[in-house]
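This one's a predicted model, so the numbers in the text were calculated from it and none came from an experiment. Proteins come first, then strands; the chains are lettered A, B, ... in the order of their sequence lines, and each starts at number 1. Basis for what follows: all heavy atoms, side chains included, without hydrogens, waters or symmetry-related copies.
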4 protein chains.
Amino acid sequence: MAIAKNASRLALESQPSAETKPRGRQRSHACEAAILAATTELLKKKCLRDVTADAIAQRAGVSKATLYKWWPNKNLVALDAFLSSMRLSVDIPNTGSALEDFTLELESVIRFYTSPQGSMFRQFVAEGQSDPEFLTLFRDRFLRSRLDEVRTIWERGVKRGEIRADLDPEIGMDLIFGPMIFRLLVGHAELDDAHAEALVAAAFRGVQKTPSSA
Amino acid sequence: MAIAKNASRLALESQPSAETKPRGRQRSHACEAAILAATTELLKKKCLRDVTADAIAQRAGVSKATLYKWWPNKNLVALDAFLSSMRLSVDIPNTGSALEDFTLELESVIRFYTSPQGSMFRQFVAEGQSDPEFLTLFRDRFLRSRLDEVRTIWERGVKRGEIRADLDPEIGMDLIFGPMIFRLLVGHAELDDAHAEALVAAAFRGVQKTPSSA
Amino acid sequence: MAIAKNASRLALESQPSAETKPRGRQRSHACEAAILAATTELLKKKCLRDVTADAIAQRAGVSKATLYKWWPNKNLVALDAFLSSMRLSVDIPNTGSALEDFTLELESVIRFYTSPQGSMFRQFVAEGQSDPEFLTLFRDRFLRSRLDEVRTIWERGVKRGEIRADLDPEIGMDLIFGPMIFRLLVGHAELDDAHAEALVAAAFRGVQKTPSSA
Amino acid sequence: MAIAKNASRLALESQPSAETKPRGRQRSHACEAAILAATTELLKKKCLRDVTADAIAQRAGVSKATLYKWWPNKNLVALDAFLSSMRLSVDIPNTGSALEDFTLELESVIRFYTSPQGSMFRQFVAEGQSDPEFLTLFRDRFLRSRLDEVRTIWERGVKRGEIRADLDPEIGMDLIFGPMIFRLLVGHAELDDAHAEALVAAAFRGVQKTPSSA
DNA sequence: AGCTAATCGAGACGGTACGTCACGTCTTAAT
DNA sequence: ATTAAGACGTGACGTACCGTCTCGATTAGCT
């Protein structure tokens, strides 16, 4: 099931000691860090498709063999680089209003995804279209946890009675974030704070003309 | 603006009379048709990235040079192939209820986009992430007109008083189709008729617990 | 035996009337002349390998089909162009001394072969190495007659008692012109009037130290 | 000056010790040898023009990229193949008579140049006509040394008083070998032992009717 | 004067080889 | 054992020129 040849980035965090160290030279942390940093740096200038494994290795001052020893391919290096550059867990807004929380969160997400840094998101989704395993990995390692974090907004909203309890949260969340992803990937419309607000507002109020307001 | 070296597919359809034919041998319809057919066929088996220009040419019984003479790259060939295979303009449902129309339409779109044929959509969006010009072209030649067609549902709904008149239709449409695209590209949740219905319903009613129903 | 599809250039000169003209549009002299002129012109700037059939046709304002209708390939066009630009039969020197005649002739030949015009000679020999039929044709249409002309110098020399009668003229002629061709094609040594004189002198006197002059 | 991207063939032979080996994987001797062997083999069947880089690579079981990494084009591969297949330095005859030595040498050279193996010589001269740098390289790497070797015959002849000391050896050598090259490349006359003998004899005695023999 | 052939310009076409690029693997000597 | 360096096989790329072909327009001799 594991695609990555190892737990990659995470491998270095775990195993604080315990097991017997293998003989010979130990895996270099510096080396791995250099690769991830180089990848991040290069991806700010070019898209994933145009960043070559050679370029990463060269920029990191690392041999290509080292790179391929720890990652099965370039995409997974980029994914790790992306993940490692996002460590400081983003905290979810908590203003007391789910509407406001979602608006703030969406604005924040948009700002990130449209930044050079966050534009990697689009590349990953794109790569995923021709590499299902990579798409799965991307979902499991990044999206899932992000969505889980955001779901707390939803749940708080439900608890507070702001959000309909009968609505499948998955559908609710897609309703809020789907349109943003759509615009992000297809580029058919603007994507900024104003739109974030309008989108969340529309998702909340709904499209339908309510009988009362008629 | 034009990326394609010519009007390609469309060039052959238009102007049945009018302008004087150029002097030399005419562009072969058979040749172009063969290329588009071969491309469509190959794309049913493999994803766009894995279909090579050579394979298209060979399967079409056409020389690679001919292919590159009329299209700058295989993505645009695929786009033309996609467009040509969708000629019969899909008609938009018109049941008298916007909610039902959107549900039917979304179901239909989902069925298409998850078919071998329609999965090209995902590939195009993916390619577009590393080729902005292609993304623009894809939007202009395909998405734009599709969205325009669907917008009639919206406008009928507004006229009938089913849909809020104060809501930007662009936002409304993204609300309905964005979540589907999100799921289509990221694959984090199911995508079938039931979900189509739930999505449209949620978009219509909104996420918010209405005071009256409280 | 004929390689060319027709008698080419010569076809237009011959048959002043006689046979019944075929029906339809007649072959255009202007057209052929333009092709030959364009070829000659282009070959002054580039070597035969680098002059394309398209370039010839375009420069001549002629269609490629016309070109290939009358010549089987580019090399034979060039050969005809070469021959047609040399019509005015070069006259062989006749000073009364074979030594002097050969020297003058060799100087003249060297001047021609090292001119832009005459450098086609080298190209023909080169092409001939990978196309034996072309080499044969080149020999038959050009070299043979040139050598025959020059042979009169030899024969006059023999008659006058200047040249050994027991020597095969073919060997004698090769002795005089071979070294020049060698230098022309390989470029390992200078090729000018001085060398022409020295070469002919050496060929005449021989390499051997004569007993008498010892 | 250097055309080849490296010292190629020679690089592997030289410097058995001295400089420290570079760090990485070493250039594969087997790989290079396979390329040269394949080239030699193919050139026995087809002429240089008709031997493709792909064919060489495939037959050598080597990738085209590797081939192009070490040689800028197939001509230089062929040249290296030619040179490597001639290593055992041919020894120059030394019978005590320059006339006989030159005759033997010329016979030997003719036999070689008319063999499948040696016919590459013609191809090289031919290619050189459209690629001056290649011609220079061919002269420098092959012809020069061959001529230098043969010149010892000349010098011994001069010392022994068989050959005129006042004659420029370059002219003398061209006189002996030029006619052979002429015939080799143009094919207007036979090229065998008998002619070798006749040619050398004529070059030695000269064309001129000597007064004494009159 | 119209008919019928052949030629002509334009340029599309199939084919073949080119030389380049990136991928991911493998080899070597050094650490 | 891991590293840097970098050679290697694979396979697709997009380009160039070849020689053939298909058009419609032109230009004659023949009816």
Side-chain angles (χ1 to χ4, degrees), chain A residues 21-28 30-31 49-55 57-58 60-74, chain B residues 20-28 30-32 49-55 57-58 60-70 72-74, chain C residues 20-28 30-31 49-55 57-58 60-74, chain D residues 20-28 30-32 49-55 57-58 60-74:
Chain A
K21 273 190 184 173
R23 283 214 300 172
R25 184 171 174 175
Q26 297 309 298
R27 178 171 178 187
S28 154
C31 172
R49 289 271 300 256
D50 295 344
V51 170
T52 68
D54 289 80
Q58 191 176 346
V62 146
S63 110
K64 221 169 10 146
T66 303
L67 197 157
Y68 280 105
K69 163 139 209 180
W70 302 113
W71 289 275
N73 60 53
K74 177 178 75 152
Chain B
T20 61
K21 267 192 185 174
R23 195 105 99 100
R25 177 178 181 174
Q26 300 305 299
R27 178 171 177 186
S28 155
C31 175
E32 173 167 35
R49 290 268 304 253
D50 295 345
V51 171
T52 69
D54 288 80
Q58 190 178 344
V62 148
S63 99
K64 215 178 6 156
T66 300
L67 197 156
Y68 279 108
K69 166 147 208 177
W70 300 111
N73 57 56
K74 77 179 165 175
Chain C
T20 60
K21 269 190 187 176
R23 283 216 301 175
R25 183 172 177 174
Q26 298 307 298
R27 177 171 179 185
S28 153
C31 172
R49 289 272 300 257
D50 295 345
V51 171
T52 70
D54 289 78
Q58 191 177 344
V62 146
S63 108
K64 221 168 14 144
T66 302
L67 197 155
Y68 280 105
K69 163 138 212 179
W70 303 112
W71 289 274
N73 59 54
K74 176 178 76 152
Chain D
T20 60
K21 267 192 184 174
R23 194 104 100 102
R25 178 175 179 175
Q26 300 307 297
R27 177 171 178 185
S28 155
C31 175
E32 172 166 35
R49 288 272 298 256
D50 295 345
V51 170
T52 70
D54 288 80
Q58 190 177 343
V62 148
S63 99
K64 219 185 353 163
T66 300
L67 196 156
Y68 278 108
K69 165 144 208 178
W70 300 112
W71 291 274
N73 58 56
K74 77 179 164 173

Please report the distance, rounded to the nearest Å, between [atom1] in [X] and [atom2] in [N].
X: C:Tyr68; N: F:dG19; atom1: OH; atom2: P; result: 4 Å
X: C:Trp71; N: F:dG19; atom1: CH2; atom2: C1'; result: 16 Å
X: A:Leu67; N: F:dT2; atom1: CG; atom2: P; result: 15 Å
X: B:Gln58; N: E:dG15; atom1: CD; atom2: P; result: 10 Å
X: C:Lys69; N: E:dG9; atom1: NZ; atom2: P; result: 12 Å
X: A:Lys64; N: E:dC23; atom1: NZ; atom2: C1'; result: 7 Å
X: D:Asn73; N: E:dT20; atom1: CG; atom2: C1'; result: 15 Å
X: A:Arg49; N: F:dA12; atom1: CZ; atom2: P; result: 14 Å

Report task. Please figure out whether C:Ala65 or B:Ala60 has its closest DNA chain E nucleotide nearer the 5' end. Result -> C:Ala65
Query raised in the report: 5'-most contact on DNA chain E: B:Val62 or D:Asp50, nearest heavy atom basis?
Result: B:Val62
Requested in this report: Would you mind classifying the nucleic acid contact of C:Lys74 as base, sugar-phosphate or nothing, using non-hydrogen atoms under 4.0 angstrom?
Outcome: sugar-phosphate
Please determine whether a side-chain nitrogen or oxygen atom of [X] lies at a distance below 4.0 Å from atom OP1 or OP2 of [N].
X: A:Thr66; N: F:dA4; result: yes
X: C:Thr52; N: F:dC17; result: no
X: C:Trp70; N: E:dC8; result: yes

Requested in this report: Mind checking the CD-CG spacing from A:Gln58 to A:Leu67? Nearest 0.5 Å is all I need.
Outcome: 12.5 Å
**Report entry** Nearest-0.5 Å distance that lies between atom NZ in D:Lys64 and atom NZ in D:Lys74
**Finding:** 11.5 Å
**Report entry** Under the salt bridge (Lys or Arg N to Asp or Glu O under 4.0 Å) test, residues paired with B:Asp50 that sit two or more places apart
**Finding:** none
Query raised in the report: Taking only residues two or more places apart in sequence or in another chain, which ones pass side chain to side chain contact (heavy atoms under 4.5 Å, CB included) with C:Ala65?
Result: C:Ser63
Report summary line: Comparing nearest nucleotides in DNA chain F, the 5'-proximal residue of the pair B:Val51, D:Ser63 is D:Ser63
